[in-house]
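Before any comments, here is the structure.
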Protein chains: 2
Amino acid sequence: MLRYDDQVKMLVAVDCVVMGFDGQELKLLLIKRGFEPERNKWSLMGGFVRSDESFSRAANRILEELTGLTGIYLEQLHAYGNPDRDPVDRTISVAYFALIDITQYEKQLSNTYDAEWVSLSKVPSLIFDHNRMLRQARKEIKYKAANHPILFELLPEKFTLPQLQMLYEAIYEVEFDRRNFSRKVLSTRLLVKTDEKDKESSKKGAFYYRLDKEEYDNKFRAFLNIIPNPDKVI
Amino acid sequence: MLRYDDQVKMLVAVDCVVMGFDGQELKLLLIKRGFEPERNKWSLMGGFVRSDESFSRAANRILEELTGLTGIYLEQLHAYGNPDRDPVDRTISVAYFALIDITQYEKQLSNTYDAEWVSLSKVPSLIFDHNRMLRQARKEIKYKAANHPILFELLPEKFTLPQLQMLYEAIYEVEFDRRNFSRKVLSTRLLVKTDEKDKESSKKGAFYYRLDKEEYDNKFRAFLNIIPNPDKVI
DNA sequence: GCAAAAGTGTTCGGATTACACCCATGT
DNA sequence: ACATGGGTGTAATCCGAACACTTTTGC
C-alpha cells in the first residue's frame, strides 16, 4: 500500500458565516460553543470535516445540525491555516458564508437550537480567528454584491423595492437615491412586479416584486453595477 | 491535555498555479512530479504543509524549493477537499495562484530545476484535480484583472503600452482599441513614462513605462475598469 | 518615398446622476 | 386636507466607444 510518509496530518474544520436581514438591519448567526476549549464562548457555526465528506457537504451538514437550515446559499470564502489559530491542536478551517432570509427561519431557530441572531453592529468577541473570518466575509459580500445579485438570498420571496434598497443601504452603510435605485434594479429585468402591495410600512403601500428565477440564474454571474460610485463605497 | 477525540486528520497540501507572460503569450509553470503516485506526470507546483507553517509560508517555500523563485505575488484561490481527489490518502489542497515576469526567471529555471513553462493553449492533462485548479485560476485572474491592476506582476520593470495591451488581450482573448486602451491605462496615473524607447518591435519605437510604486500600492484594491464591455468578456 | 507601428484628438451615444413633480391613502 | 412615503419623468453631465489623423523611422 502506497503512503505519504513523514507528513503531518491536521484536523480540518468548516466554519460558516451566516448572515441575515430582518427588514431593518443585518444580523449574524452565532452559537454558544458546546465543547472545550472555549466552551460557552460565542462562535460561528463550525465543525469538523468527516472522512468521506467534501467541504461543501460538511458545511451543509454542520449548518443543518446546528440550526436546522437546509438548502441555503453557501459559498467558500477562504481557508485559514495559521499554526496557532487553534490552541489545542493543529486545525485548519475552510470558511463559508451564507445568506438567508431571517423571517423564514427566526422562530424555528430560537426554539430548537442554541443559535442566535446578533446585530452586526453588536457582534461580541468570537473564538479563535472567527472575528477575522467575519470581517473578510463582510468585505467579500460588499465586493460581490456590487456586481452580482447575491443579496436576493437575504430577502423573502416577495419583497418591495424600498425593502431591497434598505438592504443595500445596510450593506454599504450609505443612502441611495430612491428613484435611480429603482430604475437601475428594474432595468436588470430580474424582478417581476406582482399585484399585491405591502401596506405595513406606508400608507400608499409598495408593490411586491419577486425574482424572475430564470433571469436570475442567467445573470447570476453577470455584472450589474447596482451601487453608485462603487470605488468610493467599497 | 485537551484533545479533540474521534476526529479525522488529513494531509494538507498547497498547490500553486504559476502563470507568466513572455511578451507574446501566457504560459503556465509545470513540473514533473517526483514521487508516487503519478510520478513523472505533469503537476502544478505543490507540496505538503508542515506542522509549523501557515498556508502562504508553505506556498512560498514550495515555490522556492521547486523553482528558486522568491518574493512573488501569491494569492489564495480556493480550497479543494473532495474525498477522492487524491487516491492514496485523504488530502486536501489549498490552491494559490502566482503571476510572474517570465523573462526574469526563464534561464535560471531551465538549468537548475525540472520546472517548465508550457503555453496556456497547450496544457497537458495534469494529476488529480490540477486541471480544475488551473481553470478556476484563469477565471479568477480574468475576473480580478478587469478591476484591479494585478497584471503588472507579469511584466518586467520597464514595459511599453503595446506590451501591456498584448498582455490584456492574451488574458481576455479579444482585441482592444489601442487609443482607448492607452488613455484608460494612463488615466489611472499608475504609470510613469521614461525617456527610453523599445526599438525591438517597431521602427518608431514605443516608450517604456514603469509602475509608480506608491500609486500602485494605493490603488491595488481600487476599481479601475480597464476592460471594455466587461460583462461580454468575462 | 513608403510601409508599419506609435502617439494624440474629436465626436457621438448611452449611462449615471441630480433633481421635481405626481399619486395613493390613513389620519 | 394634509402628511407620508411610493412611483415616474427629465435635463445636465460624464464616461466609454468608435473613429481619423499625424509622427517617427527603417527599409
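Reminder, nothing fancy here: chain letters follow the sequence lines and each chain counts from 1. Note: hydrogens, waters and symmetry copies are ignored here, and every other heavy atom, side chains too, is used.
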Under 4.0 Å between a side-chain nitrogen and a carboxylate oxygen: does that hold for B/Asp212 and B/Arg189? no
Given atom CG of A/Leu186 and atom P of D/dG6, what is their separation to the nearest angstrom? 14 Å
Expressed in angstrom and rounded to an integer, what is the separation of A/Phe176 atom CZ from C/dT16 atom P? 14 Å
Main-chain N/O of B/Phe176 paired to B/Gln165 side chain as donor or acceptor, under 3.5 Å: yes
Output yes when a side-chain donor or acceptor of B/Tyr73 lies under 3.5 Å from a complementary backbone atom of B/Ile100, and no otherwise. no
Quiz item: cation-pi between B/Lys158 and B/Tyr208, 6.0 Å / 45°: no
Expressed as a whole number of angstroms, how long is the span from B/Lys184:NZ to C/dG9:P? 19 Å
What is the distance from OH of A/Tyr208 to P of D/dG7, rounded to the nearest Å? 12 Å
Per-nucleotide protein contact string for nucleotides 19-27 of chain D, where B marks a base within reach and S marks sugar-phosphate only (heavy atoms under 4.0 Å, - for neither): BB--BBBS-
With side chains defined as the heavy atoms from C-beta onward, is the minimum distance between B/Leu154 and B/Ile102 less than 4.5 Å? no
Using whole Å, report how far CZ of A/Phe207 lies from C1' of D/dG5. 14 Å
Separation of C/dA15 atom P from A/Phe181 atom CZ, nearest Å, is 19 Å
Dump the intermediate steps for side chain to side chain donor-acceptor pair (under 3.5 Å) on B/Thr160 and B/Asp198, then the final yes or no. CA-CA 7 Å; B/Thr160 66; B/Asp198 164 38; 4.7 Å; no
Just the rounded figure in Å: distance from P of C/dA6 to CD of B/Glu200. 13 Å
Please report, rounded to the nearest Å, how far the C1' atom of D/dG5 is from the CE atom of A/Met166. 13 Å
